[in-house]
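What follows is one structure encoded as structure tokens, with my remarks underneath.
Start at 1 and go down the list; that is how both ligands and their atoms are numbered. Everything numeric in this text was worked out from a predicted model, so none of it was measured. Values reported hereafter were calculated over all heavy atoms of this structure, with side chains retained and with hydrogens, waters and symmetry mates removed.
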Amino acid sequence: MTLDFGGITLADLPIRDDLRGRSPYGAPQIDVPVRLNTNENPYPPSPELAADVAEAVRRDALTLNRYPDRDASALRADLADYLGHDLTPDQVWAANGSNEILQQILQVFGGAGRSALGFEPSYSMHPIITVGTATEWIPGARDEDFGIDPDAAVAAIERHRPDVVFLTSPNNPTGTALPLEAIERVARAAPGMVIVDEAYFEFARTGTPSALTLLPGNPRLIVTRTMSKAFAMAGTRLGYLAAHPAVVEALQLVRLPYHLSTLTQATARVALAHAKELLGTVDALRAERDATVDWLRARGLDVADSDANFVLFGRFADRRAVWEGLLEHGVLIREVGPPEWLRVSIGTGEEMAAFRAALTAVLAREGA
Ligand code: PMP
């Protein structure tokens with residue numbers, strides 16, 4: 001939308017040259033019956049959990065004349081407990097979504113004259129946050145099956161000497177989890193910081209190890225997580241990281257004071273106290289994911305192996321037509337990733353049945 005105040009548009013404003021012509025993050029927010037486009041957990045919190053949130057918010061509302069705990073100490077202690085791996089609160093940091101965590105990391109370790117390398121296709125916000133912090137984005141490549149070849153990754157790192165390396169495991173939008181050996185090879189080769197974005201970790205197949213196990217002895221490794229996905233708390237906006245305490249200390253240089261509101265901290269703590277309930281839907285979502293992969297493959301489609309709560313499938317000469325066809329049936333998925341592919345988030349059983357029915361109809365119409 002362009003607001004017209006005398007014909008002035010964005011192009012007329014003195015924005016930074018490196019932002020000119022760039023597109024903002026833009027997953028469409030369309031009000032349709034079946035929303036399978038932003039990888040949320042489709043199951044809402046229970047009325048009991050909502051009541052506990054309301055009570056915590058009521059209690060803390062009585063203190064809203066004061067700024068929140070700037071260090072979010074109690075929340076970080078809860079997050080450290082949740083993560084396990086003998087982590088302590090000084091190794092954990094929290095912010096408004098893992099996007100803000102990533103932005104703070106880039107503010108400290110990136111910036112003008114510095115660079116960040118990621119392996120595409122991956123999460124579209126990595127380059128956006130990189131460029132937003134005036135850091136140069138270096139697009140590395142994934143292989144045919146969307147994995148990362150450690151030799152190629154090490155070669156790219158040696159060639160570009162990036163200040164920050166992004167690894168996403170499981171990867172968005174492909175669902176691909178990385179073996180620990182690949183992460184270790186990258187961490188050894190990287191001259192700067194290595195971020196392992198584990199936003200979807202809880203959905204990984206049983207036995208998939210977390211990069212958290214690599215933190216001891218790797219002070220330049222950062223593992224980021226979020227409560228937006230498996231934890232079913234996307235509306236809360238709570239992301240966090242685990243890293244060496246010195247990394248957490250470094251982030252204090254750029255974080256805005258009191259960035260995490262009293263109400264966010266209170267809500268997140270209630271959610272963590274209900275972790276068992278919230279994560280209780282993960283097994284059902286994983287089963288639904290595996291069934292979705294099987295169903296799509298049985299239809300002769302190409303489907304990427306997924307360790308996340310979404311599935312990348314294709315290939316369509318005109319993916320836009322398929323995306324629009326689904327939307328006409330009230331099913332919103334995401335046009336993202338390599339040109340011929342589409343991504344569907346895993347919803348409830350009912351929502352996935354609607355997706356299957358809609359896709360069947362659309363493919364019949366398209367003659368695919
Ligand atoms: N990392 C990845 C890989 C993601 O897909 C997302 C959300 N789509 C995020 C981070 C950010 O999530 P949030 O800011 O809600 O924590």
Check ion pair R319-E335 (N to O, under 4.0 angstrom): yes

Partner of L359 by side-chain contact (heavy atoms from CB on, under 4.5 Å), out of L342, V344, V322: V322

Kindly tell me which protein residues have any non-hydrogen atom under 4.0 angstrom away from an atom of ligand 1, grouped by chain and ordered by number? G97, S98, N99, Y123, T168, N172, D197, A199, Y200, T226, S228, K229, R237

Find out if a path of hydrophobic residues (ILVMFWY) with successive side-chain heavy-atom gaps under 4.5 Å connects L214 to L83. yes

F310 ring center near F203 ring center (under 6.0 Å): no

For the backbone of D78 and the side chain of R269, can you confirm whether one donor and one acceptor N or O come within less than 3.5 Å of each other? no

Stepwise, does the salt bridge (charged side-chain N to carboxylate O under 4.0 Å, His left out) test hold for D305 with R297? CA-CA 11 Å; D305 285 333; R297 281 190 180 142; 2.9 Å; yes

